[in-house]
Amino acid sequence: MSLLLHTPVCEVLGIRHPVMQAGMACAANGRLAAAVAEAGGLGTIGSNPGWVSADEQIDAVRHEVRLARSLTDKPISLNIPIVYKRADELLEIAREERVPVVSLTAGNPDKLIPRAHEYGLKVISVVGSLSQALRVEASGVDVIVVEGTEAGGLNHPDGISILALLPKITAAVRTPIAAAGGFADGRGLAAGLCLGAQAVQLGTRFLASEECHVHDAYKRLIVEAGPTGTFLVWKGKHFPTRALRTPYAEKIQQLEQSGTSKEEVAALIVEASEHATQMLGDLEAGTFTAGMSSYLVDDVLPAGEIVRRVVEEAVAVLGQTSSYVVDSETPVAVR
Ligand SMILES: Cc1cc2nc3c(=O)[nH]c(=O)nc-3n(C[C@H](O)[C@H](O)[C@H](O)COP(=O)(O)O)c2cc1C
């Protein structure tokens with residue numbers, strides 16, 4: 001008998017497995033989202049696939065959505081940072097191109113939720129604190145992604161680990177929850193379920209996938225990352241960002257620590273340089289965002305294989321773990 005993990009998050013989103021691929025601005029392309037969706041997870045397209053200019057962004061997103069749609073008819077999602085001034089247009093793309101799920105992030109989702117629901121879309125909201133979780137639950141989101149400080153990309157300033165944050169939030173809200181930050185394998189999925197989540201969202205693990213279109217140098221940095229391979233940079237921005245420890249990122253950290261003003265450090269963030277970094281592999285041009293789970297990622301795999309391994313391992317781990325629960329009358333050797 002083959003076993004399946006099917007949870008309320010799967011029910012709400014219409015997916016087979018409780019594994020979600022994160023929306024990662026430039027990195028989450030249509031081919032990646034489609035491969036994850038075909039394997040039974042939720043694939044997500046990022047808000048700036050390929051780091052194009054603001055003018056080209058809407059067309060680039062539509063292109064990636066259409067590409068994904070040509071490769072799969074399974075549910076996919078579109079990530080929409082609310083602070084982005086063309087967020088409304090991204091929501092229209094979701095409606096027009098039959099994307100059934102949107103994940104709203106980086107800002108207050110209140111305004112977009114009613115319209116998304118009017119369009120018949122399911123809404124995911126990404127939070128980094130209990131107060132944000134309570135607020136988005138009151139706004140009626142369908143799934144909450146709780147993100148700990150282990151996560152790659154923008155971090156909540158509280159800087160709290162998923163181990164402490166997740167149980168706090170799952171105890172306080174009734175909306176189905178997915179955990180994010182530090183999850184890369186089936187042991188992580190099993191742990192997330194034990195902490196009260198009903199799915200996990202993986203970003204860094206899917207960066208190191210065959211279908212992800214970022215530069216190979218980026219994937220290599222993830223595979224080679226050691227225990228201190230990521231840290232928080234860009235503290236001068238509104239939110240700190242978890243990035244790989246490259247000489248460039250360390251230079252930014254030194255500037256921040258040497259008293260350089262927040263504005264001067266923030267001014268170093270140039271869209272073009274992130275493009276050169278993440279898509280072209282120029283190590284000196286910008287930061288490579290990734291999470292602590294880089295330490296767990298040892299190879300570049302097909303995205304569908306990642307989904308399959310995560311689920312199989314979680315089923316095995318949960319079976320093993322539940323075998324530790326025995327009848328209290330069972331004779332046990334205790335000295
Ligand atoms: C390269 C990169 C870019 C990201 N960009 C976004 C984004 O545009 N929107 C968003 O909601 N989250 C973004 N994130 C965060 C992810 O959605 C996800 O929650 C996070 O990667 C989970 O942690 P993990 O990297 O340890 O798996 C990004 C993460 C990475 C690694």
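All residue numbers refer to positions in the sequence shown, counting from 1.
In this structure, a donor-acceptor pair under 3.5 Å is present between the side chains of Thr149 and Asn155. No hydrogens or angles considered: a donor-acceptor pair under 3.5 Å links the side chains of Thr72 and Glu38.
Residues that satisfy the side-chain contact (heavy atoms from CB on, under 4.5 Å) test with Leu165, not counting sequence neighbours, are Val146, Ile160, Ile169. Legend: residues meeting side-chain contact (heavy atoms from CB on, under 4.5 Å) with Ala116, ordered by chain and number and at least two apart, are Leu91, Val102, Leu121, Val123. Taking Leu318 as the reference, Leu5, Ala190, Leu193, Cys194 meet the side-chain contact (heavy atoms from CB on, under 4.5 Å) condition, with sequence neighbours excluded. Ser103 is linked by a side-chain hydrogen bond (donor to acceptor under 3.5 Å, both in side chains) to Asn79, counting only residues two or more places apart in sequence or in another chain. Scanning for side-chain hydrogen bond (donor to acceptor under 3.5 Å, both in side chains) contacts around Asp110 gives Ser139, with sequence neighbours left out.
Looking at Arg115 and Asp88, a side-chain N of the basic residue comes within less than 4.0 Å of a carboxylate O on the acidic one, giving a salt bridge. Looking at Glu137 and Arg174, no side-chain N of the basic residue comes within less than 4.0 Å of a carboxylate O on the acidic one, giving no salt bridge. A salt bridge does not link Glu312 with Arg309: none of the charged nitrogens is closer than 4.0 Å to a carboxylate oxygen.
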Applying side-chain contact (heavy atoms from CB on, under 4.5 Å) to Ile113 and Leu104, what does each step give before you reach the verdict? CA-CA 9 Å; Ile113 292 170; Leu104 305 179; 4.0 Å; yes
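Listed by first and then second residue, the ring pair (Phe, Tyr, Trp, His ring centres under 6.0 Å) pairs that reach into residues 162-220 are Tyr218-Phe288, sequence neighbours excluded.
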